[in-house]
Amino acid sequence: MAEKVFCDTCVTIAQVFHINSLHLRSKDVFNSYSEYYWSNFVKEEYERRFDEKLKNLSKFFQDVKLELENPNQEFFSLDDLTKYASKNYSGKIEDDAISSISPFWDTYIGIESQISFNYLKNNIDDCLNDLLINTEINGSNLETKMILTPERERKYRKIDSILKSKGVKKADITVTLDGHDFACFNSSPVDFVTFDDACFNGASNVEALCFESVKGKYDFAS
Amino acid sequence: MIHEVHQQQIPSILSNATQIAYEKVKSLILKIFSLIKEHVKQKNIKEEFYQSYMGFARKLKDEGHDEECYLFMSICEMYYMLIDRTNELIAHEEFFTELFEAFDELLLMKINDSDKYNEKLIDFNMDFRKKRRYYYTEVAKPSKHYEESVLEEISSHLIRL
């Protein structure tokens, strides 16, 4: 395995948010390499997603406290939280809320399948408290660890169109090409890690990319 | 110190019921500070505060003030977690006074000068983020849901930050 890794935005976000189904895999990424790189594009995407995800998760857990209490329902399950998120949100906030529910339940509730609202809301308070502590600490640590790559000047049109034909989204193509550019002009091997399935499937099937290896979420322990 | 809420100070965007809920939560905050200063322990005060701030937050949301609802909850969540740590709560009386007063001003701006409200909200959020960062890096303690090794790691980071 290379010692250097170029990270996609989703890897950095998963590292910072502990209530996240990919958090442990991301921790494994950061335990597997010595040097971690991102481009300006990834850094800006990370900053935008950091604010968005923190707002989404806070809103979701605050909404559960506000709206789920019901005198006709004594106990609540993980399914109740999932149904609530599916019913009340759409798009990114729905994704963020739903991907946080199992990690929340595992960390704060444990093996119980049904709990009282009082127990649920106390644990949500703990979770929100930890979420804000962790994002501050992990965010600060991450920004210290990450090394900014030089600005890419080449467009790599051929690879761009191959990735596009494989269904990789525009933003993910930019990330892949930023990493590729860095890897091509680096003296030592560089891996690329993305947790996005379409990006992983696309990038891992393009031979022209300069990465030592392209790795996805299943290459890291959860 | 946090001021009592008087009818004329409260923006009339709030319904009477919401107004009453707001007065109740502000009075309770004052009561908690004075009980702590007088070394009086009152059973269930933490739960009473929780019910009170949630009651006001629910009313704010019901009346369409979602942004203010979440902001108020976020301030109260910080206060709630400190109620058992009385010395630190007293040490942060000014911190909370500033936050609650800034929230009052935000509500007032919403009714009095709605053109300038967005500007005020941006200012509020900037200041709130700074205060929240201070609180969660220097005051808050991680919950007990972590393994001891993780707690130690978080604590050591908190000291370094």
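Side chains included, hydrogens not; waters and symmetry mates left out as well; all remaining heavy atoms used. Because the structure is a prediction, the values reported are computed rather than measured. Each chain gets a letter, A, B and so on, in the order the sequences are listed, and its residues count up from 1.
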With a 4.5 angstrom heavy-atom cut-off, could you sort out which part of A:Asp106 is near chain B: side chain, backbone, both or neither?
neither
Is the shortest side-chain N to carboxylate O distance from B:Asp127 to B:Lys131 below 4.0 Å?
yes
Contact origin within A:Leu54 toward chain B - heavy atom pairs under 4.5 Å
side chain
At a 4.5 Å cut-off on heavy atoms, which part of B:Met81 comes close to chain A: side chain, backbone, both, or neither?
side chain
Atom group of A:Lys65 that falls short of 4.5 Å from chain B, counting heavy atoms:
both
Does any non-hydrogen side-chain atom of A:Glu3 lie less than 4.5 Å from one of A:Tyr33?
no
Less than 4.0 angstrom from a charged side-chain N to a carboxylate O is my criterion; do A:Asp96 and A:Arg49 meet it?
yes
Centroid separation under 6.0 Å, is that true for the rings of A:Phe61 and A:Phe104?
yes
